[in-house]
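Quantities reported herein were computed from a predicted structural model and do not represent experimental measurements. The figures that follow rest on heavy atoms only: side chains count, while hydrogens, waters and symmetry mates do not.
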Amino acid sequence: MKVVIKVTLFYLLGIIGILCISVFPQFFAKGDITNIILYFHDLWKFLGNFIQPGSWTYQIEGSIGEFPILKTLWVPFTYSMSILFSAICTAFAIAFILAFFVNSLPKQVVQGIKQFLEFLETIPDLVFVVLLQMLVIYIYNKTGVSLFTLGSYMDDRAYAGPIITLSILPMIFLFKILLFLIEEEFSKDYVRFLKSKGLSKTVILIRHVFRNILPSAFHQSKLIIWATLSSQFIIERIFNVNGLTFYIIESFSPMTIAVSLILLFTPFFITFQLIDLWVDESTTFESHGLAKIPSFQPISCVMKHIKIIHWKKLLPRIPIASLRRQLKNYKFAIGCLFFILTIGGSIGYSIITDNHVDQANIFYEEDGTTIKSTPPHPPGHPFLLGSDKEGFDLLDQLIIGAKYTLVFGFLIAFLRVAIGLCGGILFAFSISKRKQSGLSKIVDSIHFLPLTLIAYILLKPILQLG
C-alpha cells in the first residue's frame with residue numbers, strides 16, 4: 001500500500017511540473033518576463049480550467065472551431081509512440097545481439113570497436129537523417145527501387161525512415177554501455193570461479209553475466225530513452241511525420257502542451273515504475289546491517305579547509321599540468337585544434353567581411369538568358385553548400401554563426417558540469433538516504449519528457465518577441 005501511495009504521489013508531482021511548464025509560453029508571450037506574479041496568476045487560471053473536463057479542447061491558432069483534445073491527439077499520439085517504441089525495441093535488440101557476438105572477439109578488436117562507437121556518439125541525429133535520405137534517393141535514381149518512404153504525405157505515413165534513424169544513437173549508446181558492463185562483470189571473482197568449473201564463456205555470459213548487468217542496463221536506459229524522446233521531436237519534423245509534435249506546434253496552447261506532455265509522460269512513468277519494482281534495487285548500507293554514514297556537510301568542510309590551501313601556488317600549476325597531460329591524448333588535441341580553428345576562423349571572417357553573406361536570386365546559363373536555378377539554389381557553383389529560400393549563401397551563414405554555436409555550447413556544457421557536480425555533491429553527502437530516494441524518483445520524472453520539445457516550448461515565444 002505504501003508503494004502505491006508513493007508512486008501516485010510521484011506521478012502527481014510530475015503532472016504538477018508539466019502544468020507549470022505548459023503555462024510558460026503564454027507567460028513569455030506577454031513580454032513582461034520579470035513579473036513573476038503574473039506567471040502565478042496565469043498558472044492559477046490554467047489550473048482552474050484544467051480541472052474542468054469541458055475546457056479540454058483543441059484549437060488551432062487563428063481558427064474558430066474547437067475539438068475534443070483527447071480524441072484529436074490520440075491518433076497522432078499512437079503514431080508517434082509506434083515509431084518511438086519500434087525504434088527503442090530495435091535499438092535494444094541490436095545492441096544486445098552485437099554485445100553478445102562482439103564479446104567473443106579478441107580484446108584488441110573490442111577496444112577498436114569501443115573507440116569507433118565513441119566517434120559515432122559525436123555525430124548528431126541530423127547527419128544520420130541526411131545520409132539516410134541521400135542513400136535512399138541515390139538507390140532510387142540508380143535502380144528505380146524505393147527502400148522506404150522519405151516523408152509522410154496525407155494518408156501515406158512514413159515508418160521505416162524515422163524508426164531506423166531514431167534507433168541509431170540509442171543502439172550505439174546501449175551497445176557501448178553493455179560492452180563496458182560485460183567487461184567489468186568478467187573481471188569479478190565469481191566469473192573466475194565459474195571458469196574454473198569448466199563453464200564456457202558463452203554459457204557464463206548468457207546465464208550469469210546478462211542477468212547481473214540487467215539492473216545497471218535498466219537504470220542507464222532511462223537516459224537513453226530521454227535522449228531518444230528528444231531526438232524524436234527533430235526526426236518527426238524532418239520526415240514530415242504528422243504525429244504529436246505536429247499537433248503541438250499547430251495549436252501551442254497551454255492545454256495542448258499539458259495534455260500532450262501528460263500523454264508522453266504517463267506510459268513511460270508507469271512502465272519504469274513496474275520494472276523498478278521487478279528489478280532488484282542496489283544494495284544499501286542498511287541491508288548489510290552496517291552503521292549509517294553520518295550526514296556530511298561539504299560546504300562547511302570546504303570553508304573549514306579553504307584557508308589551508310595555498311591558492312597562489314596551486315592555481316597556476318593545475319591548468320598547466322592538466323593541459324599538458326590532456327594534450328598527450330591525440331583525440332583531445334585534435335578536438336581542441338578543431339574548435340580553436342573554427343571559432344578563430346569565424347571571428348576573423350566576421351571582422352574582415354563585416355558579417356557579409358552573398359545573395360543571388362537567379363542563376364543564368366552561359367548564354368545569359370536561360371535560367372539555371374532559383375532560390376533555394378542547390379549545392380555547387382557558385383555556392384558550395386547551396387542557398388536558403390531567400391538566396392543567401394548557406395556556407396557564409398554557417399561560418400558566421402559557428403562562433404556563437406560553439407561558444408554557447410561550451411558555456412552550456414560548463415554550466416551543466418558545474419551545476420551537476422555541485423548538485424551531486426550536495427545530494428550524496430548532505431541529504432539522508434530516505435530523502436535521496438524520494439528526490440531521485442521526482443528527478444526521474446524528467447527523463448520521460450523530451451528535452452528538445454521542452455526547449456521549443458520555452459523558447460518559441462521569446463524568439464517571436466525578438
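Lys114 meets the side chain to side chain donor-acceptor pair (under 3.5 Å) test with Glu183; sequence neighbours excluded. Contacts of Phe116 classified as ring pair (Phe, Tyr, Trp, His ring centres under 6.0 Å), with partners at least two apart in sequence or in another chain: none. Scored by the side chain to side chain donor-acceptor pair (under 3.5 Å) test, Glu184 finds no partners at all (sequence neighbours excluded). Judged as a side chain to side chain donor-acceptor pair (under 3.5 Å), and not counting sequence neighbours, Tyr247 has no contacts. Partners of Phe77 under the ring pair (Phe, Tyr, Trp, His ring centres under 6.0 Å) rule, at least two apart in sequence or in another chain, are Trp74. Applying the side chain to side chain donor-acceptor pair (under 3.5 Å) test to Ser231 and every residue at least two apart in sequence or in another chain returns Asp125. The salt bridge (charged side-chain N to carboxylate O under 4.0 Å, His left out) search around Asp42 returns Lys30, not counting sequence neighbours. Residues satisfying the ring pair (Phe, Tyr, Trp, His ring centres under 6.0 Å) criterion with Phe392, sequence neighbours excluded, are absent altogether.
Taking the centre of each ring, Phe175 and Phe96 stay at or above the 6.0 Å mark. In summary, the aromatic rings of Phe67 and Tyr58 are positioned with their centroids too far apart to meet the 6.0 Å limit. Tyr39 and Phe24 have their aromatic ring centers within a separation under 6.0 angstrom.
Pairs passing the ring-ring contact (aromatic ring centres under 6.0 Å, His included) check and including a residue from residues 397-420, sequence neighbours excluded, read Phe339-Phe410. Judged as a side chain to side chain donor-acceptor pair (under 3.5 Å), the pairs with a partner in residues 172-181 (not counting sequence neighbours) are, in order, Glu121-Lys176. Residue pairs meeting the salt bridge (Lys or Arg N to Asp or Glu O under 4.0 Å) criterion with at least one member in residues 407-428, sequence neighbours excluded, do not occur. Applying the side chain to side chain donor-acceptor pair (under 3.5 Å) test to every pair with at least one member in residues 75-86, sequence neighbours left out, gives these pairs: Tyr79-Ser152, Ser80-Glu236.
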